[in-house]
Protein chains: 2
Amino acid sequence: MTRRLAEVAKKVGVSEATVSRVLNGKPGVSDATREAVLTALDVLGYERPTQLRGDRARLVGLVLPELQNPIFPAFAEVVGGALAQQGFTSVLCTRTVGGVSEADYVDLLLQQQVSGVVFAGGLYAQADASHGHYELLHERKLPTVLVNAAVERLDFPQVSCDDVVAAEMALGHVRALGHERIGLVLGPKDHVPSRRKLETFQAEGGDPELVEHTMFSLEGGHAAAARLVRRGVTAVICASDLLALGTVRAARRAGLSVPGDVSVVGFDDSALMNCTEPPLTTVRQPIDAMGRAVVDLLVAQIDKAVVPADELLFEPELVVRASTARPRA
Amino acid sequence: MTRRLAEVAKKVGVSEATVSRVLNGKPGVSDATREAVLTALDVLGYERPTQLRGDRARLVGLVLPELQNPIFPAFAEVVGGALAQQGFTSVLCTRTVGGVSEADYVDLLLQQQVSGVVFAGGLYAQADASHGHYELLHERKLPTVLVNAAVERLDFPQVSCDDVVAAEMALGHVRALGHERIGLVLGPKDHVPSRRKLETFQAEGGDPELVEHTMFSLEGGHAAAARLVRRGVTAVICASDLLALGTVRAARRAGLSVPGDVSVVGFDDSALMNCTEPPLTTVRQPIDAMGRAVVDLLVAQIDKAVVPADELLFEPELVVRASTARPRA
DNA sequence: TAAGCGGTTGCAAGGACTTGCGTTGATAGC
DNA sequence: GCTATCAACGCAAGTCCTTGCAACCGCTTA
């Protein structure tokens, strides 16, 4: 970058002093000259100083694990919209196959000078995964909010859907219908919300033999539920709607009808779940309220307010549709 | 920023020379010292030079209009995954209610020094909207690919699903079943893919009286289809799966069955459309192939290759499920 | 133990950038 | 037509940053 000022000055036909003033936003330069200098800077391939790029860089990182499950795009829309109203722009980062790790995204977001970061259903949810990058955020004092999981050691504010209540609701619903042999399809073993649902399931007397862990996808649900169906469950509670749809498919593949032979309960109430066959009974996460809480917590931190590193628990809501019914007598 | 080097040097306990070397990425500094200097820089609130932020800033902007329609998150996953394999990180930008405009996103992405931009179903699709920001991209010679629309005046490479073939397939399918009174539910009037479908519909002898424009949402489809149903159509072709689901709902609200009384054809074949009631007959966009083509075109541009500003047309595929049938005699 | 060697760091000269001040030129007022 | 005024800009001194060179340190080798 030797002789940057000299080169630009020569190109524009002004003195180095003038170029220097433009680059530092100093007064005493006409608009026309300022514009000419900046243009020459771009033409010559130099980078403009940050403050001249307009300081609209009010960016917030939004880190999601995937986009397949419709709950994540839906959540991104809620949070993105609420942030936009506060004058922030959200940058959506998704881990994809063969893609970028969460730690990489944290590096990236730090480099981009984001004002804050929101993690939803990310690695942090997996208790066994590396947490080094969270500590990095903590050191840098970057405003952060975690959604639907807990990292106990770190002091981040958290927003979650109450998994205990969710599991109780689902279990209570199918038991009230008369089911006794009830299966549970969960995400990976180190996924905290799944772990919490499992604990509640067992505390409420659910059969630990009828619990399956799998990946969060329709196919994963299919495989896990197939095992449960073979063991004669009459109801299956799932940790996501996609798992529930996989469960419906597994039951049908086994020649059973839903809800005639097997009742299925989902979790999330993501979009279109009232258009499915059968319309899915599910436990709704209040993502609107949660999203707004996330943004409030984040903006408060950005405004230097002291935010307690508590976990805000939101009450889910049971949405009864047509995938659950009384068991066959 | 007076005495930056001196201040940092004093804090770390080294000479200004060493700090200078670190800031310029020069060799001859131990890793420990380098780290200490960078940490001090952060602590003192100075900004790291761009090249030290890891030159992994191989960012690509991915601008989508919304995330409600599952086709957009799906597309984002395909493109994001393919980009990740090439070592790029995608930044997903979504316009949301009360949110950021496409022009704002372009500014933002330029500021973040992205390597390229992909627009899908964005403003550019709307022929009447402002295109100033596309010209800006063109001036800066920033690699850009447009998906599913045309901006004739600008020389951007484009990747699209062939709307002519899509409309012919859908129309041919319902006509082969014996339908004659066929409605068409499209997006906004200035949405280019909708416009192309309309032209094909008319060229193939479709009735212009049975065409409705609406917003791209389930509710929009419901409202538009309700008007068509009142006019006695026996089949409805829709410009997206969400519109099709809205159409199914409108038909049922009118006391008609699908496909018994009304056949419905969607467009996109987004996820879960085989789980709906009824499973939706739809025209599949080959988003995998399209996504890979987008990435190829973009990476070629980034690698300074000359890419023709053509429109690559991808053939859609008719997926017949259970929302279409012969009309009642 | 001393010499050799490679990696790390400070010194200081030289170069790049900044800034106070003076000059220029345009405009307006007398 | 003359001059006061002021914005815009260049000059050059001063400040800050960069870099070649040499000193230093720890390690290996004779």
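Labels below follow one simple rule: chain letters A, B, ... track the order of the sequence lines, proteins then strands, and each chain is numbered from 1.
Residues passing the side-chain hydrogen bond (donor to acceptor under 3.5 Å, both in side chains) test with Thr33(B) are Ser30(B), sequence neighbours excluded. In this structure, the side chain to side chain contact (heavy atoms under 4.5 Å, CB included) partners of Glu16(A), at least two apart in sequence or on a different chain, are Arg3(A), Leu5(A), Ala6(A), Ala9(A). Among residues two or more places apart in sequence or in another chain, the side-chain hydrogen bond (donor to acceptor under 3.5 Å, both in side chains) test is passed with Ser194(B) by His191(B). Phe314(A) meets the ring pair (Phe, Tyr, Trp, His ring centres under 6.0 Å) test with no other residue; sequence neighbours excluded.
When the P atom of dT8(C) is taken as reference, atom CD of Glu35(B) falls 15 Å away, rounded to whole Å. For Leu5(B) and dA16(C), the CG to P distance is 16 Å, given to the nearest whole Å. Taking atom CZ of Arg4(A) as the reference point, atom C1' of dC17(D) lies 13 Å away to the nearest angstrom. A straight line from CD of Glu7(B) to C1' of dC17(D) spans 15 Å, rounded to a whole angstrom. Between Lys26(A) atom NZ and dC17(C) atom P there is a gap of 14 Å when expressed in whole angstrom units.
Dashed line: the shortest gap from a side-chain N or O of Thr33(B) to OP1 or OP2 of dT8(C) is not under 4.0 Å. OP1 or OP2 of dT18(C) sits under 4.0 Å from a side-chain N or O of Asn24(A).
At least one side-chain heavy atom of Gln86(A) sits under 4.5 Å from a side-chain heavy atom of Val295(A). Put simply, the side chain of Gln68(A) does not reach to within 4.5 Å of the side chain of Phe216(A), judged on heavy atoms.
Taken over five-pair windows at either terminus, the axes of the helix from dT1(C)-dA30(D) to dC30(C)-dG1(D) are inclined to one another by 10° (rounded to 10 degrees).
Of all heavy-atom pairs spanning Ala76(A) and Leu62(A), the tightest one is CA-CD2, 3.9 Å. Between Gly116(A) and Leu142(A), the shortest heavy-atom contact is CA-CG, 4.3 Å.
Within residues 13-21 of chain B, the residues that have a heavy atom under 4.0 Å from DNA chain D are, in order of number, Ala17(B), Ser20(B), Arg21(B).
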